[in-house]
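Every chain is numbered from 1, with letters handed out A, B, ... down the list of sequences. All values below were derived from every heavy atom in this structure, side-chain atoms included, with hydrogens, water molecules and symmetry-related copies excluded.
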Protein chains: 2
Amino acid sequence: MLNFTPNSLKMTQDLSTELKIKEAAKRVFMAKGFDGCSTREIAKEAGMNVALVNYYFRSKGQLFQLIFRAALEDFMLSMVDVFSTDLSLESKMRIFIEREYDFLTKHPEMPGFIIGEMSRADGCGAGNMYWMKDKIAETGIFNDIQKAQEAGEIRKMDLLSIALILMSNCHFPFLGKPFVQNALHVSDEHYEQQLVLHKQYVTEMMINYLFINK
Amino acid sequence: MLNFTPNSLKMTQDLSTELKIKEAAKRVFMAKGFDGCSTREIAKEAGMNVALVNYYFRSKGQLFQLIFRAALEDFMLSMVDVFSTDLSLESKMRIFIEREYDFLTKHPEMPGFIIGEMSRADGCGAGNMYWMKDKIAETGIFNDIQKAQEAGEIRKMDLLSIALILMSNCHFPFLGKPFVQNALHVSDEHYEQQLVLHKQYVTEMMINYLFINK
DNA sequence: ACTCATTTTAAACAAGCGTTTAAAACAAAG
DNA sequence: CTTTGTTTTAAACGCTTGTTTAAAATGAGT
């Protein structure tokens, strides 16, 4: 009998368990963080035996690294592919903000997870993310910005500040939700509704500031 | 013999150990989070016996609540007292941003700690922070904003969006430092230098956007 | 039916956890 | 010196942690 699945003969159960654990781990790690959960909790969430976690992924740490890197790649993907188009710089930024709000609305726990776990002592430190800048550079966005600065179209400021302005106004509304919501007594519904308007506000604010009006 | 110290006869050692533990706990909790550290680690950091932590603070959880609430109050204090002055709304905002950057430069781990621990499942949830909005309201800043909106001086937008714009551009540069720094290969020195400029950029950007030019 | 490698299981491991205990050390008062 | 209350200590408690083990179950090839 023909079998097209590599590395394994029975696939239904096989890949299923590995995937189930990986997806359970993703859910649990993102909700509680590396320190905030146990191997047994992940196993239970996946409906599997504890030992299977280590059978497929060797250790809690390695499973975490897998999840973390995947999350990081997801996180970058929505950014990067907008920059690769041949739209104007202003359009790129507008669409970038749009996409960022879309993505974060679907995955609101993402920025907290990544930033939170990156600050951990033994968290996936510097070395693991060296590919990121290169990935962004490949899109040519850095050149676009430099050209636009030389042409006097956008304000001459360090790339870091441009990145900070964009990320601050896209990510903080999701990152800081638990704090801001409690501090101002805002309901979930009102918060989510306001985010739609907020996206438009910050788009206008940032474009107005970054781009020099003739 | 007269004794003015309450609840205790010898004070030098007494308050010293309690304070040492509290300060060690503050350091450790802020660096590693509630789940990321142990009672024994706090005791060792304070140079004290493990049991003393529970002798003075009953449990790890109660000690944490103490530290967390104190951090939250510190966090609010720098905001609130600017708003209580009788400066113009624009001046208040300018000084607010200035103070916020000053405070966060001295305590860069603060926003990550507060936001991170607030998202924890059993973290100090809603009930504990009901005082915050009242504390801000007492300063009259909410009225100032409403008046300014009715007078057409500042843009008519929900209070939530105004708060989000201010906090995003003040807190994210510190919150997201580990991520942004790694993503763009930025050294500590450059990052800190740029933050001084960044503060001026975002001040101009926010004021320009929020206040309607005649 | 038997083989053999893979997958799953229950049980166990040492280590670390938060917390408690009971005794020791201490310091002031009578 | 003895008493009395507080502070500090070492040791232990029961429990959970990450990980390993060795046996059981599984399923395809011969």
* For residues 40-50 of chain A, which residues have at least one heavy atom under 4.0 Å from DNA chain C? -> A:R40, A:N49

* Structure fact -> Rounded to whole Å, the NZ-C1' distance (A:K60 to D:dG18) equals 8 Å

* To do: Could you check whether the rings of B:F29 and B:F64 sit parallel, tilted or perpendicular, using 30° and 60° as the cut-offs?
  => perpendicular

* Structure fact -> Between A:Y55 and A:A51, whichever has its closest DNA chain C nucleotide further toward 5' is A:Y55

* Structure fact -> Atom CG of A:D35 and atom P of C:dC17 are separated, to the nearest Å, by 11 Å

* **OG1 on B:T39 to CG on B:L52, rounded to 0.5 Å** => 12.5 Å

* So, B:H198 versus B:N169: side-chain donor-acceptor pair below 3.5 Å or not? -> no

* With a 4.0 Å cut-off, would you call B:R99 and B:D81 a salt bridge? -> yes

* To do: Indicate whether OP1 or OP2 belonging to C:dC17 is found under 4.0 Å from a side-chain N or O atom of B:S38.
  => yes

* To do: Round to a whole Å and report the spacing from NZ of B:K32 to C1' of C:dC17.
  => 15 Å

* Structure fact -> Rounded to whole Å, the CZ-P distance (B:R58 to C:dT20) equals 7 Å

* Ignoring hydrogens and angles, state whether a donor on the side chain of A:D74 or A:H107 is under 3.5 Å from an acceptor on the partner side chain. => no

* Structure fact -> Scanning both residues in full, the closest heavy-atom pair of B:P173 with B:Y191 reads O-OH, 2.7 Å

* Asked: Roughly how many Å is it from CG in B:L52 to P in C:dT21, rounded to a whole number?
  -> 16 Å

* To do: Verify the contact: side-chain N or O of B:S59 to OP1 or OP2 of C:dG18, cut-off strictly under 4.0 Å; return yes or no.
  => no

* Structure fact -> Between CZ of A:F57 and C1' of D:dT20 the distance, given in whole Å, is 18 Å

* Do you know which of B:F103, B:Y101, B:F75, B:F113 makes ring-ring contact (aromatic ring centres under 6.0 Å, His included) with B:H171? -> B:F75

* Asked: So, is A:T17 close to the C:dT8 phosphate, meaning a side-chain N or O under 4.0 Å from OP1 or OP2?
  -> yes

* Between C:dT7 atom C1' and A:K20 atom NZ, what is the distance in whole Å? -> 14 Å

* Asked: What is the distance, rounded to the nearest whole Å, between atom CG of B:N54 and atom P of D:dT7?
  -> 16 Å

